[in-house]
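One structure below.
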Protein chains: 4
Amino acid sequence: MGAKTKTRGQESLGGERRYDKAGIPERDYLTKSYKTVRDFSLVLSAPLEIEDYVIQSMPDTSPTKWHLAHTSWFFETFVLSKAIKEYKSPSPQYAYLFNSYYIQAGERYLRPKRGLISRPTVRETLDYRRHVDEHMVRFMTGASEREWKELSPSIEIGIHHEQQHQELIVTDIKHVFSENPLRPVYSKGAARKGAPAASSNEWISFDGGIYTLGHGGNGFGYDNEYPLHKVYLDPFRINARLVTNRDYMEFMEDGGYENAALWLSEGWAKIQSSGWNAPFYWERDGDRWRYFTLSGMRDVDPEEPVCHVSYFEADAFARWAGARLPTEAEWEVAASGVPVEGNFVEERAFHPVPAARASGEGPLMQTYGDVWEWTQSAYTSYPGFKTLPGALGEYNGKFMCNQFVLRGGSCATSETHIRKTYRNFFPPDARWQFMGIRLASDDV
Amino acid sequence: MGAKTKTRGQESLGGERRYDKAGIPERDYLTKSYKTVRDFSLVLSAPLEIEDYVIQSMPDTSPTKWHLAHTSWFFETFVLSKAIKEYKSPSPQYAYLFNSYYIQAGERYLRPKRGLISRPTVRETLDYRRHVDEHMVRFMTGASEREWKELSPSIEIGIHHEQQHQELIVTDIKHVFSENPLRPVYSKGAARKGAPAASSNEWISFDGGIYTLGHGGNGFGYDNEYPLHKVYLDPFRINARLVTNRDYMEFMEDGGYENAALWLSEGWAKIQSSGWNAPFYWERDGDRWRYFTLSGMRDVDPEEPVCHVSYFEADAFARWAGARLPTEAEWEVAASGVPVEGNFVEERAFHPVPAARASGEGPLMQTYGDVWEWTQSAYTSYPGFKTLPGALGEYNGKFMCNQFVLRGGSCATSETHIRKTYRNFFPPDARWQFMGIRLASDDV
Amino acid sequence: MGAKTKTRGQESLGGERRYDKAGIPERDYLTKSYKTVRDFSLVLSAPLEIEDYVIQSMPDTSPTKWHLAHTSWFFETFVLSKAIKEYKSPSPQYAYLFNSYYIQAGERYLRPKRGLISRPTVRETLDYRRHVDEHMVRFMTGASEREWKELSPSIEIGIHHEQQHQELIVTDIKHVFSENPLRPVYSKGAARKGAPAASSNEWISFDGGIYTLGHGGNGFGYDNEYPLHKVYLDPFRINARLVTNRDYMEFMEDGGYENAALWLSEGWAKIQSSGWNAPFYWERDGDRWRYFTLSGMRDVDPEEPVCHVSYFEADAFARWAGARLPTEAEWEVAASGVPVEGNFVEERAFHPVPAARASGEGPLMQTYGDVWEWTQSAYTSYPGFKTLPGALGEYNGKFMCNQFVLRGGSCATSETHIRKTYRNFFPPDARWQFMGIRLASDDV
Amino acid sequence: MGAKTKTRGQESLGGERRYDKAGIPERDYLTKSYKTVRDFSLVLSAPLEIEDYVIQSMPDTSPTKWHLAHTSWFFETFVLSKAIKEYKSPSPQYAYLFNSYYIQAGERYLRPKRGLISRPTVRETLDYRRHVDEHMVRFMTGASEREWKELSPSIEIGIHHEQQHQELIVTDIKHVFSENPLRPVYSKGAARKGAPAASSNEWISFDGGIYTLGHGGNGFGYDNEYPLHKVYLDPFRINARLVTNRDYMEFMEDGGYENAALWLSEGWAKIQSSGWNAPFYWERDGDRWRYFTLSGMRDVDPEEPVCHVSYFEADAFARWAGARLPTEAEWEVAASGVPVEGNFVEERAFHPVPAARASGEGPLMQTYGDVWEWTQSAYTSYPGFKTLPGALGEYNGKFMCNQFVLRGGSCATSETHIRKTYRNFFPPDARWQFMGIRLASDDV
């Protein structure tokens, strides 16, 4: 992994040794991380034409321009406006335009209207980023110890927040391009195709008992990963590999989408009303399936992990396969000791790859990267959960309703962003993220 | 409780001694239960005019006539059509009209259109019930041992199923009447008003550790209550009483409905779009609050448990109060040993009553009856959960998505229907059931 | 026609000799008309079960009970409350429940919620009618000359208003019954079937020039028929008969519903989004077409006039046939001198009949009765149009937008209600009325 | 007007002398017109940033880029593909992307999704225009007489078609900018403010009788203006000036928006559901009204013609004023002899101006330009109307439903585009065009 890590220059962003004894991030480290992550947003935007930055293709997605501005607004609001007495935003209205959902941080422009905002232009947005970056670096360099102690945690959150939006830049532009009949290509390099992987279907067993899960406090974690807590688990087994397109097409050919008995009631209603009969981005072309990728239209590769399936589809597939989805506790137990390696956004594949090429050393293959793995766990608070004070308290807790947890990151996630305890969450009908399936079952 | 029980004549419907060693229900007992429960549906319908039976006031509710027919269809489909070789339904189309959601049991008339069905008439529907009852009693009396063993479990489910619809008859007609500006009265007797109860605000603590929860197999239970399973709990405390209207009005007066920080994101969106600023059925009348009850419009009684609140409101109230909702595991632990007593539908109050009049002997007051208590637990399967085979397998499992668990029964629930392990579930924005709040918190 | 007229007892309700020189209706005549028309509402309701009275099957339709109450409310509001100083309604809330759209007459219960009103019951509604009738007859008998002069015009409008609602009772219950899979039968007698009519396809020519059209003031007319006015017409021809089911099936078989070039843009969008491929109430059964009638399901009779088509379909059919729809001015010119005879509601066929059986003596067949004939004229005011003062001014004028005029009455219209100048109007996508097609073309 | 005309260089585009005896457009004239009009689209787009070209702010509007491409597609489809045997489009998919509604010209990309198309880029779109222009000019120069005779009518339509889209470029970008809280300025020069005009309120009377209206065949006209036809009119009067903001604010202050009696039923429903209480683009700022213009936010100028009102508002205002809207026949009679002069898009005011500055010499002021004038005439066909053959037949006829006619052009219309017989049409709730009010009444 050495060479790869070097080109990325982002190693150990979440690393555990970068804090002083009081848990305050080390200054040089954080400043370097800030620059690296901020630069990477521009790297991801580089392939786009100006017109591409503007478009919101559905209410769930946001224009690239908005992501670039919003992440800057975050630092302006939660750091600069507190750090610098006379800090002046280039435009006071940006606070209104680029607030996302922080109700306590002031009024917001309506989310579904983000695609109506041609101004500020891309150039002005990049100027805005530079303005924020200059002030941020000046502050990080010159802050007193007291100031650093007070505001460095918000800077750290801001860096991780930007990485989340980098993932959205990738998934959202995929959706934008897919709507265009010209099917633009984001990155030619992504179309890699190797020899078919030897299919393994190995189950790994875990004992029942009390496990201690959640974030222990070393290194960065979001509020929803805290605190450490005990969970009792029955014995279970988990599959060593992800469900592949080959597996999933078998389900489809077996009438999976026509068999109500396999589906949650709400899922059945959804596939009826939406006409779903395959993963998102798949298109029937005569007798074969093709899908839209960030490298354009391609034949479905049967060896790849299946991707862009909803919770409803993951759950129905598992039932069809005589198995079930893991709980997030089971996933976390199974991921213990597995190194954080895999097909991340730094690879610039922008697409999941077959297991043979991406499997780790551990017992579980493709634990990290490639596709987010749906768990059967509704997204809720851990025992003893506490939100952060102020507007940042809205970060995670207020979404604990009608969402399911996904684990492990995807090919659009930064390697330095993901960790074992990381909890992603989406409503059960979401499909535009790189979402896939790993099976589990009771061990009896 | 003696006298009360006698007038009800339904004691121990869920009792544990009414089964043989193989877990098969005792025949006389089940036959008697069948008759008692079937009769009670007619008792509940008795106050209605023919016109009232027909109306569906929103997609969630069903016409009384539909409830009466559907519960009969259930016995016809899952018992009679299997028990009697040449069984003939009075109308084969009833199977289509009165199937609710059992996809494997055949096609269904669309749920939101149930209020368009003037025929069969009420008289024909009652004839249909009698037809089913005659065949059922004949079968129960004359079935061979083999037949009894095979079909008595479905009869038992059918009885409990009918009790569920009895609760809906009450809640749905309340909704129907509330839509009518004439505000019809269902039952005059319900308007009881005692002396104000002494307000208690006692917290009861429970130890952490591993608990065994779920249904152990003695007596009837739905599939979703099974199997027995272990859960690790941190120490917690739970409030001895329910949240009252007085408590809730304090929350309202403190700006609870205007403070976004108290609400789940989806809840905040809901109260904005729907204009909610009080529990369902409440109306502002000058400087006081009134509500619609099955006995007509009344002043809000501050001593009563608050009722007709959504999960969103229960959750926001708890946050405002510096507490949280209990998990369903905590509720079940806390309810252990509390007798199943309280203000049930047999009381014919059709409304929750203040604690002083209805509290039990145990540590928790109003554990059962009065109002269903929202828990913070998303409705999901227990470890090792298995569905029933065939169409009855659709009973519970397929709803395990975007719903929250409620516990303890309400003033519209039958005393013989509820038990400690009983799991009710509704989406977080449902309010038309008798739903209320009990607080919990970490014990630290 | 003699015998028929006698059984109806409604002759010459709109007759011209029943007014004094000042245009005030003659008292005995109007009193008799009142009784006859009011009774006929009960005749039309007689075949219904109580449950049938309650249902509103779509926002456009109203429950029978509502029609019966609303027509009584009309007399209460526009006559009794003005005529009788201390007039007391049985329930003051009826004014709110049974107002339809007269904004100036006070607040109204929402139209799409009319099906939620189980109370007043049918019995109470009939009591209400009797109460109104008693007071009305007493007033009509005892009114002073001054009172009569002031209020008799409103009574006359009320009678014609009730006849309009009688037509709706028929069309709305047809829609209600059609939604029920049991397909209830309203009237067995309607299923008449004669020998096939000799198909005629005769065009009748009319000269161009200035015509004087509209209502001249003799006999009753609605405000929208006034005043007499001049219209210049080019020479035109009009077809002697209505378009039949045979004609229309030819259009269907020729791909009429798949050929965008035949359709108005809005019509094409409508048939796409709604999946229309035949007239309303038609169902494909193997290789034949059947339709729902008030006598139950029947094979489509090719000789009958096509019915239950929208303006969009009428317009597309005409284009396909190389013709066009008549303007309302052309229709009125062509209908001059044609006697008001035909298949009206008094026949109790409740369905259009083939031409041979119903054709008049005049040049045009089936000018009146059977089906309303779509014209290509948008519903608008005649030059010099004036609305009535007060709430009755809302009767017609405020609907002059996005509606098309239909002429001639239908099998659900009273013979005594229709006349040459009568203007009915509906939006172009309405189909549940008995609506059909007559062709016209330029005469060149 | 001389100097102004010169700078425009577009004089007499619709002039009558530019045709040969067979009605074929003169070649040099048409070629010059083509170039002038095509260039003007670029002039109108010049103030925009690239990001502005992409946005569709509501289903009724289209991105500027789409307008630029669609007008080129028009020439490609209806001229080049027929004129040049081996004509090759730069991208065959443009035919799919930039077809608007010509069903017979092939499949179309969905209208409400036009804002999702970031590619082709603006640069590629301009390349596309150049490609089309080069081929068009080459064809126009080199076409044989036969070719010219066949295709020059389509070229002429294409030029007028482009002018229609030029008007939409202006109105649509106004809507786009209005949605942006930064309120971008399209053209600084538009903010002109003169001395208050002397208010005149003069009525002009016209005799009744038969008039011959419609297009006589000299010069260009759309199919819907044909043929010449006779209309009988009663005597009428029409107001010499447009309704001003001052007049309209009087209506508003008099409770116009709260008085149901003034409104069409559908209009009243619309203002209730949409919360309209002023013309579109108006905003209340303390005790004054401001509006968004293409020059930014400005105080409402009471002397200007009121603008951005729907038919519903125009109709209600007229009723309040004791008048009515003119029919389109009346308007055309009144406009006879009035020269085509006024505040057109060539003025680059992009906003209506007070009468004093723009009134013509004729009896009616501001007959042309400033604002489109709503008539009370539903948009329908003239007697003897015929559509063009082929896909161009879809140009006008298929919209003859639920729309009202507007006359006279606006400040966004080209002077060379408008004429006395020109019929514009929009649904009664449209407001984003420059639409205003002129009063008429019966002359009695």
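Between F98(D) and Y109(D), the gap from one ring centroid to the other reaches at least 6.0 Å. Ring centroid separation for the pair F426(C) and Y379(C) does not come in under the 6.0 Å cut-off.
Taking the ring pair (Phe, Tyr, Trp, His ring centres under 6.0 Å) definition, one finds that H215(D) meets it with Y226(D), sequence neighbours left out. Considering only residues two or more places apart in sequence or on other chains, T61(C) meets the side chain to side chain donor-acceptor pair (under 3.5 Å) condition with S57(C). With sequence neighbours left out, the ring pair (Phe, Tyr, Trp, His ring centres under 6.0 Å) criterion links W276(C) to no other residue.
Contacts of F236(D) with chain C are absent, with no heavy-atom separation under 4.5 Å from either backbone or side chain. Contact of W268(D) with chain C is made through the side chain alone, with heavy-atom distances under 4.5 Å.
Options G384(D), S441(D), A378(D), S381(D) differ in how many heavy-atom pairs under 4.5 Å they form with chain C, and the most are formed by G384(D). Listed options G208(C), S377(C), C401(C) were ranked by heavy-atom pairs under 4.5 angstrom with chain D; first place goes to C401(C). Per-residue heavy-atom pair counts under 4.5 Å with chain C were compared for I210(D), D315(D), V231(D), T327(D), and the maximum is reached by I210(D).
A donor-acceptor pair under 3.5 Å is formed between the side chain of H229(C) and the backbone N or O of L213(C). Checked by atom type and distance alone, the side chain of Q56(C) pairs as donor or acceptor with a backbone atom of R114(C) at under 3.5 Å.
Aromatic ring pairs are classed by plane angle as parallel below 30°, tilted from 30° to 60° and perpendicular above 60°; the pair H161(D) and F74(D) is parallel.
Heavy-atom neighbours of chain C within the stretch residues 328-336 of chain D, taken at a separation under 4.5 angstrom, are nonexistent.
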